[in-house]
Number of protein chains: 2
Amino acid sequence: MPPTPSVFLNGVPELLVLRLLRDREMYGYELVQAIRETSADQLTFAEGVIYPLLHTLERDGALSTRRQTINGRSRVYYSVTPTGRERFDALSAHWRTLTGAIANVLEAPRHA
Amino acid sequence: MPPTPSVFLNGVPELLVLRLLRDREMYGYELVQAIRETSADQLTFAEGVIYPLLHTLERDGALSTRRQTINGRSRVYYSVTPTGRERFDALSAHWRTLTGAIANVLEAPRHA
DNA sequence: GTATATGCCTTGCGGCGATAGGTATGTCAA
DNA sequence: TTGACATACCTATCGCCGCAAGGCATATAC
């Protein structure tokens, strides 16, 4: 009886980063704010979470980078690779499965 | 900008345990299987997760216990206290808020 | 007689997110 | 002009939760 891989219950930052980057390339600082804004301040993952995550995803081949200097400040833009897209699809499916299962337990009738 | 308390993204075992015990008293071994069964094998939290959690919840006054011996085997039945019920309500509300926020990000239009 | 299910428990590890810094440039108000 | 704030990158350390992997004891089944 294999336990539920905790990859799903945490891993939310990864899920959201891949989702946002699926639409368009973004840079780290932008992602931090985008998550906060598109979740109406319900979700806040600080830079200490996002930057290491981006580095890991790049190392794993899920993201590719493009460096650009704007107004004297250096930005690192991230894009999702085909590998990253597969990873997102898998994570996303798993997230739906798990939240669905949790919802089932939460709404289960008394003697189920 | 306070970060998202991770209590919500983990803490799923606690949420489910409180939910199941809200209906009727159960013992640890029974809870382990109930979670697995009511989630159709999607969620499996082993005894190493559930037992320490039950002890913590009892210590915090969220659960009360009743010991009973059946067929020579000793069982520890857990019930939700009023404190535990409040705790469940809060956790539950938070879970809905967070999953809702995550869903918003996942389904956000391109330029949101 | 030894495997399996039941029923309780604990120790130790790993990994992720949180905390809390550091560096540097640009802008704006005092 | 300097000091605060936003922008934009980064890292090291910590804490905690769930995971792995056991141990102990009794009942049943083969």
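Computed over heavy atoms, backbone and side chain alike; hydrogens, waters and symmetry mates excluded. Each chain gets a letter, A, B and so on, in the order the sequences are listed, and its residues count up from 1.
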Write down the distance between [atom1] ([X]) and [atom2] ([N]), rounded to a whole number of angstrom.
{"X": "B:Leu15", "N": "D:dG18", "atom1": "CG", "atom2": "P", "result": "11 Å"}
{"X": "A:Asn10", "N": "D:dC19", "atom1": "CG", "atom2": "C1'", "result": "12 Å"}
{"X": "A:Leu53", "N": "C:dA18", "atom1": "CG", "atom2": "C1'", "result": "14 Å"}
{"X": "A:Gln68", "N": "D:dC9", "atom1": "CD", "atom2": "C1'", "result": "15 Å"}
{"X": "A:Asp60", "N": "C:dG15", "atom1": "CG", "atom2": "C1'", "result": "14 Å"}
{"X": "A:Phe45", "N": "C:dC16", "atom1": "CZ", "atom2": "C1'", "result": "11 Å"}
{"X": "A:Ile50", "N": "D:dT11", "atom1": "CD1", "atom2": "P", "result": "15 Å"}
{"X": "B:Leu98", "N": "C:dG17", "atom1": "CG", "atom2": "P", "result": "13 Å"}

Set of side chain to side chain contact (heavy atoms under 4.5 Å, CB included) partners for A:Ser92, sequence neighbours left out: A:Leu15, A:Phe88, A:Arg96
Return the minimal non-hydrogen interatomic distance between B:Ile70 and B:Arg75, and the atom names on each side. CD1-NH1, 3.4 Å
Identify, with sequence neighbours excluded, every residue that meets salt bridge (Lys or Arg N to Asp or Glu O under 4.0 Å) alongside A:Asp41. A:Arg36
According to salt bridge (Lys or Arg N to Asp or Glu O under 4.0 Å), who are the partners of B:Arg66, at least two apart in sequence or on a separate chain? B:Glu25
For nucleotides 5-10 of chain C, 5' to 3', base contacts (B), sugar-phosphate-only contacts (S) and non-contacts (-) with protein non-hydrogen atoms under 4.0 Å give -BBBBB
Considering only distance and modelled atom types, tabulate donor-acceptor pairs under 3.5 Å from the side chains of residues 50-57 of chain A, sequence neighbours left out.
from: A:Tyr51; atom 1: OH; to: A:Tyr29; atom 2: N; distance (Å): 3.4
from: A:His55; atom 1: ND1; to: A:Tyr51; atom 2: O; distance (Å): 3.3
from: A:Thr56; atom 1: OG1; to: A:Pro52; atom 2: O; distance (Å): 3.0

Test of understanding: with ring-ring contact (aromatic ring centres under 6.0 Å, His included), list the residues that count as partners of A:Tyr27, not counting sequence neighbours. A:Tyr77
